[in-house]
Amino acid sequence: LALIRVLFRSRTSDDETGWTALAEEAGFVLLLPEQSPYNNPARCFNWFGPMDYRRNLGEPESIRHLVEALVARYPIDRKRIFVTGLSAGGGMTSVMLATHPDIFAAGAVLGGVPYGCATNAFTALPCMKYGNRLVPGPDAWADKVRKAAPPSTAHWPQVAIWHDAGDTVVHPFNALSSMVQWTAVHGIDQHPELNEREGPHRRQGYADASGQIQVELWTTERVGHATPIDADRGCGFDPGTATDFVTDADICATRRIARFWGLVQ
């Protein structure tokens with residue numbers, strides 16, 4: 001098994017979100033790509049760059065090479081490779097899922113944006129602050145993914161979307177657009193077959209004709225622009241000793257995502 005976790009800043013330790021501990025528990029391999037300050041002074045991935053949101057180019061190609069190096073080194077099942085990230089890492093996760101559905105079985109976008117929300121630096125900030133409201137509907141969102149993927153693509157990854165209702169860095173409208181995009185890619189409608197709550201947090205699941213949930217949308221409360229953890233239950237570090245990008249919200253996004261992918265019970 002392999003999980004590609006795209007860190008959007010090098011100072012964000014993966015231990016804080018619980019992925020390292022979970023990998024040790026469940027026995028899968030982690031690859032942790034980080035941005036170079038030469039590519040972006042803020043060390044954020046350029047999910048909007050004209051050379052960085054297309055297959056075989058830029059940062060997606062660099063990440064693909066890292067994946068191939070990992071597969072060559074460890075006995076990894078190519079059908080069980082996953083990708084996730086927060087913020088700009090979430091944006092790059094959307095890019096990797098759209099451009100490389102032949103590599104990734106599933107992904108999770110946390111506090112991120114849908115693929116094709118912006119296509120240059122000038123449209124990136126409006127996308128983050130307001131969401132791209134000019135895309136006419138599900139088919140148009142899905143076409144962005146289909147045009148980015150190899151023409152022969154027959155299998156599309158499962159996608160988990162996590163976004164806080166009060167996120168002031170990346171507007172929650174982006175989560176709705178991501179849900180619309182990936183349900184349309186899978187050929188399913190935007191009416192959830194599953195609607196449940198865990199405390200103040202809401203999970204909606206969108207299933208295909210066989211009943212398999214292909215897209216899930218988590219709308220959290222009081223998390224902000226961060227990964228929700230549950231420090232009391234061994235998921236991530238106490239936020240008092242961590243960075244600003246995790247919030248103890250009594251729910252472990254990391255374990256929930258891993259369960260959705262079938263990595264843990």
Side-chain angles (χ1 to χ4, degrees), residues 1-8 14 17-19 22-23 26 28 30 47 79-98 100-101 103-115 117 141-142 145 155-165 167 170 172 174-186 188 190 192-198 201-208 211-221 223 225-230 235-236 245-247 249 251-265:
L1 309 179
L3 174 88
I4 316 304
R5 174 159 169 77
V6 184
L7 300 181
F8 81 106
D14 190 65
T17 62
W19 276 114
L22 189 61
F28 55 83
L30 286 177
W47 51 269
K79 295 181 180 179
R80 304 191 72 187
I81 301 177
F82 310 92
V83 60
T84 182
L86 166 71
S87 193
M92 185 53 68
T93 295
S94 294
V95 170
M96 298 310 297
L97 291 172
H100 293 82
I103 292 180
F104 299 106
V109 179
L110 289 81
V113 299
Y115 178 75
C117 183
W141 274 120
V145 171
H155 170 78
W156 299 102
Q158 290 178 296
V159 181
I161 303 153
W162 286 72
H163 215 111
D164 191 67
D167 192 330
V170 178
N174 285 295
L176 180 63
S177 297
S178 290
M179 179 275 291
V180 169
Q181 182 170 67
W182 286 103
T183 50
V185 167
H186 279 280
I188 55 183
Q190 289 74 52
E193 282 70 33
L194 176 67
N195 202 328
E196 61 184 16
R197 284 189 175 272
E198 182 166 332
H201 315 299
R202 184 176 67 175
R203 178 195 181 208
Q204 294 172 291
Y206 302 83
D208 59 20
Q212 176 70 37
I213 293 179
Q214 300 294 346
V215 179
E216 67 170 17
L217 172 62
W218 280 89
T219 304
T220 58
E221 297 286 344
V223 172
H225 191 63
T227 298
I229 64 169
D230 190 346
C235 172
F245 303 108
V246 295
T247 298
I251 187 170
C252 182
T254 297
R255 187 169 289 275
R256 285 285 188 166
I257 292 166
R259 185 186 301 173
F260 179 54
W261 294 342
L263 288 176
V264 298
Q265 296 296 319

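Side chains are part of it too, since the values below use all heavy atoms of this structure and drop only hydrogens, waters and symmetry mates.
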Margin query: If you define the side chain from C-beta out and look only at heavy atoms, does anything of F28 sit under 4.5 Å from L22?
Written below: yes
Tightest non-hydrogen contact, residues I213 and Q158, listed as O-NE2, 2.8 Å
Distance col, row T247:OG1 vs D230:CG, nearest 0.5 angstrom, shows 12.5 Å
inquiry  = Within the 4.5 Å heavy-atom criterion, are V159 and S178 side-chain neighbours or not?
reply    = no
Begin from the C-alpha positions of V83 and H100 and carry the test side chain to side chain contact (heavy atoms under 4.5 Å, CB included) through to its verdict. CA-CA 11 Å; V83 60; H100 293 82; over 6 Å; no
Nearest heavy-atom approach of I188 to D208 is CG2-CA, 3.5 Å
Rounded to the nearest 0.5 Å, the CG atom of L110 sits from the OG1 atom of T84 at a distance of 5.0 Å
Interatomic distance, CD1@I161 vs OG1@T183, rounded to 0.5 Å, equals 8.0 Å
Q. Do the non-hydrogen side-chain atoms of V145 and W182 ever get within less than 4.5 Å of each other?
A. yes
Closest non-hydrogen contact found for V264 with A26 is CG1-CB, 3.9 Å
- Task: Check whether any side-chain N or O of R255 sits under 3.5 Å from a backbone N or O of G18 as a donor-acceptor pair, and report yes or no.
- Result: no
So, H186 side chain and Y206 main chain: donor-acceptor pair closer than 3.5 Å or not? no
CH2 of W162 to OG1 of T227, rounded to nearest 0.5 Å, is 9.5 Å
Nearest heavy-atom contact between V113 and V109 is N-CG1, 4.2 Å
Closest non-hydrogen contact found for C235 with T17 is SG-O, 4.0 Å
So CZ of R80 and CZ of F104: to nearest 0.5 Å the spacing works out to 15.5 Å
Closest non-hydrogen contact found for F245 with H225 is CD2-O, 4.0 Å
Is any side-chain heavy atom of I257 closer than 4.5 Å to a side-chain heavy atom of W218?
no
Is there side-chain contact between L176 and M179, with heavy atoms separated by less than 4.5 Å? yes
> Is the backbone N or O of P192 less than 3.5 Å from a side-chain atom of Q204, with the two atoms forming a donor-acceptor pair by type?
Replying inline: no
The reported gap from CZ in R203 to CG in L194 (rounded to nearest 0.5 angstrom) is 5.0 Å
query: Q181 side chain to W141 main-chain N or O, any donor-acceptor pair under 3.5 Å?
result: yes
